[in-house]
Protein chains: 2
Amino acid sequence: MPQRKRMLFVCVNRRPDGTPKGSCAARGSVEIHAKLKELLKDAGLAKVEARACTSSCLDTCWAGPTIAVEPDHYFYGRVQIADVEEIVESIRAGTRVERLVLEPNDFIEPRELKKAE
Amino acid sequence: MPQRKRMLFVCVNRRPDGTPKGSCAARGSVEIHAKLKELLKDAGLAKVEARACTSSCLDTCWAGPTIAVEPDHYFYGRVQIADVEEIVESIRAGTRVERLVLEPNDFIEPRELKKAE
């Protein structure tokens with residue numbers, strides 16, 4: 001199979017319950033990855049357009065569940081399972097789901113979380 | 001922490017022993033990821049230049065251990081732990097370790113492996 005045009009890396013890191021910054025897996029990212037993989041396949045996009053992988057921590061826990069979209073090099077954040085269909089449609093269309101794209105400020109850990117650690 | 005300029009996704013998928021196409025973890029990728037993370041940190045590159053993550057299967061098992069380098073969107077393959085220092089140096093220099101970069105043919109599963117499955 002040729003190299004896919006895009007790779008979507010879904011963080012499935014799980015921190016212990018009660019960790020102040022939370023974790024993507026605790027917010028449902030394992031299920032999000034599974035659905036993303038299934039819908040990419042159903043849409044006929046899995047072999048050429050995009051592969052959905054899981055990844056370790058992408059270091060934006062407070063804005064998770066997070067998906068790194070490469071090689072475009074943007075992150076989706078606060079993804080819910082209901083968003084997956086729109087993400088797959090955007091892969092097909094070659095667009096982004098703008099409301100989910102993290103902004104530069106989202107990459108900075110909020111001060112109150114740092115204090116709580 | 002700002003978004004890193006680069007992400008290195010090291011496949012740590014492990015297939016059962018004896019699987020014809022093998023797997024990256026069975027070829028030492030867990031240790032490769034750990035060393036990559038350590039040397040990026042030691043070199044002062046971990047906070048801005050590059051983050052080393054683990055990932056699920058990148059679908060080039062026969063050419064593993066595999067590392068997806070993003071957003072450049074090339075794959076390193078057949079990586080050995082002795083290669084990690086050179087990979088980190090290339091991140092610093094903004095270059096690639098050309099001898100490790102997978103070529104288009106490397107993405108095609110060899111016919112003899114398909115038959116063996």
Side-chain angles (χ1 to χ4, degrees), chain A residues 1-14 21 24-25 29-30 32-34 36-37 40-41 46-64 66-77 101-111 113-114, chain B residues 1-14 21 24-25 29-30 32-34 36-37 40-41 46-64 66-77 101-111 113-114:
Chain A
M1 221 172 282
Q3 183 176 14
R4 270 67 158 206
K5 292 183 191 164
R6 287 199 168 78
M7 309 282 292
L8 285 84
F9 294 96
V10 182
C11 171
V12 292
N13 189 45
R14 182 179 293 277
K21 60 183 170 184
C24 290
S29 69
V30 173
I32 288 168
H33 168 260
L36 184 59
K37 196 162 181 170
L40 284 171
K41 191 178 173 193
K47 292 193 176 179
V48 175
E49 291 297 326
R51 182 169 174 86
C53 292
T54 59
S55 88
S56 59
C57 180
L58 295 169
D59 209 11
T60 50
C61 317
W62 47 89
T66 310
I67 304 176
V69 183
E70 301 288 2
D72 312 80
H73 209 50
Y74 61 83
F75 279 25
Y76 284 135
V101 176
L102 292 187
E103 297 182 0
N105 273 345
D106 289 315
F107 287 83
I108 313 300
E109 184 172 356
R111 199 173 295 176
L113 289 182
K114 277 196 173 167
Chain B
M1 222 171 279
Q3 184 176 12
R4 272 66 158 206
K5 292 182 192 166
R6 286 198 169 80
M7 310 282 293
L8 287 83
F9 293 97
V10 183
C11 172
V12 293
N13 189 45
R14 182 179 294 277
K21 60 183 171 186
C24 290
S29 69
V30 173
I32 288 168
H33 168 259
L36 184 58
K37 196 162 181 170
L40 283 171
K41 190 178 174 192
K47 292 193 177 180
V48 175
E49 292 297 327
R51 181 168 176 87
C53 293
T54 59
S55 88
S56 59
C57 179
L58 296 169
D59 208 11
T60 50
C61 318
W62 46 89
T66 310
I67 304 175
V69 183
E70 301 288 1
D72 312 80
H73 209 50
Y74 61 83
F75 279 26
Y76 284 135
V101 176
L102 292 188
E103 298 182 359
N105 273 345
D106 289 315
F107 287 83
I108 313 298
E109 183 171 357
R111 201 172 296 175
L113 288 181
K114 277 195 174 171

Discussion item. Could you measure the distance from the CG atom of B:Asp106 to the OG1 atom of B:Thr66? Nearest 0.5 Å is fine.
Written reply: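 Going from the CG atom of B:Asp106 to the OG1 atom of B:Thr66 covers 9.0 Å.
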Practice prompt. Apply side-chain contact (heavy atoms from CB on, under 4.5 Å) to A:Met7 and B:Phe75, showing your working.
Written response: CA-CA 12 Å; A:Met7 309 282 292; B:Phe75 279 26; 4.1 Å; yes
Worksheet item: Is any side-chain heavy atom of A:Phe107 less than 4.5 Å from a side-chain heavy atom of A:Leu102?
Response: yes
Worksheet item: Does the side chain of A:Ser29 come within less than 4.5 Å of A:Val10's, by heavy atoms?
Response: yes
Fill in: Atom group of A:Leu58 that falls short of 4.5 Å from chain B, counting heavy atoms
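For A:Leu58, heavy atoms of backbone and side chain both lie under 4.5 Å from chain B.
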Worksheet item: So which part of A:Cys11 gets closer than 4.5 Å to some heavy atom of chain B, the side chain, the backbone, both or neither?
Response: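 Contact with chain B is absent: no heavy atom of A:Cys11 under 4.5 Å.
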Item to complete: Could you check which of A:Asp59, A:Asn13, A:Asp72 has the highest count of heavy-atom pairs closer than 4.5 Å to chain B?
Response: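 With the most close heavy-atom pairs to chain B, the winner is A:Asp59.
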